Visitor: 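Below are the structure tokens for one structure; questions will follow.
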Amino acid sequence: MTSYITRRLLYTIPIVFGVLLLTFVLFTLVGGDISIEIAGKGATQETIDEIREEYGLNKPLFLSWDSQFVNHFRNALTFNFGRARDREPVIDKIKRGVGPSLALTVPMFFGVVIISVSLSLIIAFVRGTVWDILVVVICVAGMSIPYLSFILFGQYFLAYKWGLFPVFFSPDLTMAQYVALPVLIGIAAGLGGNLRFFRTVMLDEMRNDYVRTAFAKGLTVRRVLFKHVLKNAMIPIITRVVLAIPFLFLGSLLLERFFGIPGLGYLMVEAIGSRDYFVISAMTYISAILFVVFNLITDICYSLVDPRISLE
Amino acid sequence: MSESQQLIKKELSKGTNLWKDGARRLRRRKLAMVCFGVIVIYFLLAGFIYLAEFFDWQIGPTLWAEQAGQSYAPPSSKNIFGTDIFGQSVLRKTLYGTKISITVALCASLISIVIGVPLGAVAGYFRGFVDEIIVWIYSTLSSVPYILLILAFAVVLRDKTFFGYKLTGITAVYLAIGLTSWVGICRLIRGEVIKHKDREYILAAISYGCSRRRIIFRHLLPNVFHLVIIDFSLRFVAFIHAEVILSFLGLGEAERPSWGAMINDARIELSRGVWWQMAAATVAIFFLSLALNIFGDALRDSLDPKLRIQ
């Protein structure tokens, strides 16, 4: 186990290197010198030079210990991302945004998973009936509606028109109040694809002989479904759940934008609007690190739920 | 010989291949054929708008900029979907948006096929060092969340000039989507090529003295290409939805109407009770996505029975 984890950790080094290379190529080589843009219109050469100095844009690109290439790696590995356009350190902005983002995405995600896993078990049990067809039709239809439409119509009808929820975030609301509606919309939008995926998983499992044996022994439907089938379907469920966790930290770009929730998604949208490369680059890097770590956790979880899988 | 025997003999002697067999299976699914019809209509509409723009025909969709009524006129017999803030017909804008969406999704698909398929085939066939490099590249790309990666590419590529060609509007959008979404297809093709390369027909081709290029492009790729078609019929939907999100975030087409831009307008309009622009764009996206989703599933079932989902 330890040797496996060590090996996997070593394997993440080239990936982290690759991500840093990617952000360097994108934001420094292709993105170019943005000091003139930062300084704004009518700035003097002096101001531009100052900005260049601060962001290290006047240094050579490669081939020096103090080059932009080396500094990019050094800063990322020490989590020093410099300052954003509005002079606030990027890392502070990110730290501040994680809380509201998680408050939104964690209930949303677990809501979707719990509802779709339990529903899919029931649907797999009544497969081939009218209910099954109805659910599949609703799922495919739900997958075809754009996410933005879910949000806009949800916000318009539930919050604006019928006044069931607050329309926008405001600091005097409790967390439960301002995340309720976005969470609800997120669950509605995500249910289609997830339910359809888990239904396929469950149907594959239902065909196995052990299910027939369990029913033949006279076990109750609930026991067969939620004890026997669910346990055996854990591998695909774990893959989907654990690999989705890094995305939870990112928050939801669109939901946060619409409801004004000051999370990481909102930070991203703002950064895109002002072309703040520093924020986008830092977010890309951090999310990649999270993804790599949770990928490793997924593999370890496999061996925990399925003794047939050994990590050696 | 009876008539039915003759028919069987005729059918048997004709022979079949993967594509013919797939087409036969597809034709039996009425719903899938209806969806195929819907997809064809969208494509024809997009092609027709290109033609109309090229020849400068004065017809509805190309005259989207013209004022068709008062500002924010609700749906009526004159303007089925009402008008927007400038009094432009929402129906015309929606029709024109088809061109933008189809163009983006098609170009993005082509870019990612052109990058992903050869890379996957080469990695799977040669293995070793080449494989490791290619796997490293796609593992790197796939460790950044998809939407974040597209956004990063779109932000950087937007309004940049490469080789004297300025990337404006949708060019940056489909480049960003295309350059980031070849990973899935590359991984798929690589896995399939690894499975295929020890089969007898490849060994036979090697024994004839075929060049490696010929083996990869004439023997291996045709045998795995149906996976590309299946993958993209399903991924097309994701591309269309990505274009909507990018346009909404202000990274898409700015001067001409697109579905994402229409939804973006609707954000402010909805509070005034102006729902028709939003509804028109949603309906347009909904029917195209629904048709693509259903047709894509049917295509997968027809071309690759092993992958069948219930």
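The sequence lines fix the lettering, A, B, ..., with proteins before strands; numbering per chain opens at 1. If you're wondering where the values come from, they're calculated on a predicted model, not measured in any experiment. Note: hydrogens, waters and symmetry copies are ignored here, and every other heavy atom, side chains too, is used.
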Visitor: Closest approach of B/Ala152 and A/Phe27, non-hydrogen atoms and distance?
Guide: CB-CZ, 3.8 Å

Visitor: Among A/Val140, A/Ile272, A/Val292, which residue has the highest count of heavy-atom pairs closer than 4.5 Å to chain B?
Guide: A/Ile272

Visitor: Are there more than 12 heavy atoms of other residues, nucleotides or ligands under 6.0 Å from atom CZ of A/Phe197?
Guide: yes

Visitor: Measuring heavy-atom distances to chain A, does B/Leu292 have an atom under 4.5 Å in its side chain, in its backbone, in both, or in neither?
Guide: neither

Visitor: Counting only heavy atoms not in B/Trp136, do more than 12 fall under 6.0 Å of its CH2?
Guide: yes

Visitor: Looking at B/Thr282, B/Ile285, B/Val283, which hits side chain to side chain contact (heavy atoms under 4.5 Å, CB included) with A/Ser149?
Guide: B/Thr282

Visitor: Hey, could you give me the CD1/CZ distance between B/Ile245 and A/Arg257, rounded to the nearest 0.5 Å?
Guide: 13.5 Å

Visitor: Please state whether the side chain, the backbone, both or neither of B/Val155 comes within less than 4.5 Å of a heavy atom of chain A.
Guide: both

Visitor: Go through the atoms of B/Leu151 and report whether side chain, backbone, both or neither lie under 4.5 Å from a heavy atom of chain A.
Guide: side chain

Visitor: By a 4.5 Å heavy-atom criterion (distance strictly below it), what part of A/Phe157 contacts chain B: side chain, backbone, both, or neither?
Guide: neither

Visitor: Which heavy atom of A/Gly18 sits nearest to which heavy atom of B/Thr140, and what is that distance?
Guide: C-CG2, 3.2 Å

Visitor: With chain A as the partner, which of B/Ala291, B/Ser289, B/Ser143, B/Gly250 has the greatest number of non-hydrogen pairs under 4.5 Å?
Guide: B/Ser143

Visitor: Let's test your reading of the structure: which of A/Leu254, A/Ile145, A/Ile280, A/Leu152 forms the most heavy-atom pairs below 4.5 Å with chain B?
Guide: A/Leu152

Visitor: Need one label for B/Tyr138: side chain, backbone, both or neither, based on atoms under 4.5 Å from any heavy atom in chain A.
Guide: neither

Visitor: For the CG atom of A/Leu148 and the NE2 atom of B/His241, what is their distance to the nearest 0.5 Å?
Guide: 10.0 Å

Visitor: Check whether B/Leu149 gets within reach of chain A through its side chain, its backbone, both or neither, counting any heavy atom under 4.5 Å.
Guide: side chain

Visitor: Which atoms of A/Leu21 are under 4.5 Å from chain B, going by heavy atoms: the side chain, the backbone, both sets, or neither?
Guide: side chain

Visitor: Would you mind checking which part of B/Leu251 comes under 4.5 Å of any heavy atom in chain A, side chain (CB onward), backbone (N, CA, C, O), both or neither?
Guide: side chain

Visitor: Does CZ in B/Phe36 sit with more than 12 non-hydrogen atoms of other residues, nucleotides or ligands closer than 6.0 Å?
Guide: no

Visitor: Please output the side-chain donor-acceptor pairs of residues 121-128 of chain A that fall under 3.5 Å, not counting sequence neighbours, one pair per line with the distance.
Guide:
| from | atom 1 | to | atom 2 | distance (Å) |
| --- | --- | --- | --- | --- |
| A/Arg127 | NH1 | A/Ala124 | O | 2.9 |

Visitor: What part of A/Met143 gets within 4.5 angstrom of chain B, counting heavy atoms only: side chain, backbone, both, or neither?
Guide: both

Visitor: Would you say A/Thr23 and B/Val144 make side-chain contact, with heavy atoms under 4.5 Å?
Guide: no

Visitor: Contact between A/Tyr11 and B/Ser139 at the side-chain level, heavy atoms closer than 4.5 Å - yes or no?
Guide: yes

Visitor: So what's closer than 4.5 Å to chain A heavy atoms on B/Leu141: side chain, backbone, both or neither?
Guide: side chain

Visitor: Can you tell which of A/Leu26, A/Val19, A/Leu22, A/Ile151 has the highest number of heavy-atom pairs within less than 4.5 Å of chain B?
Guide: A/Leu26

Visitor: Based on non-hydrogen pairs under 4.5 Å, which of A/Phe17, A/Phe247, A/Tyr285, A/Tyr147 is most in contact with chain B?
Guide: A/Phe247

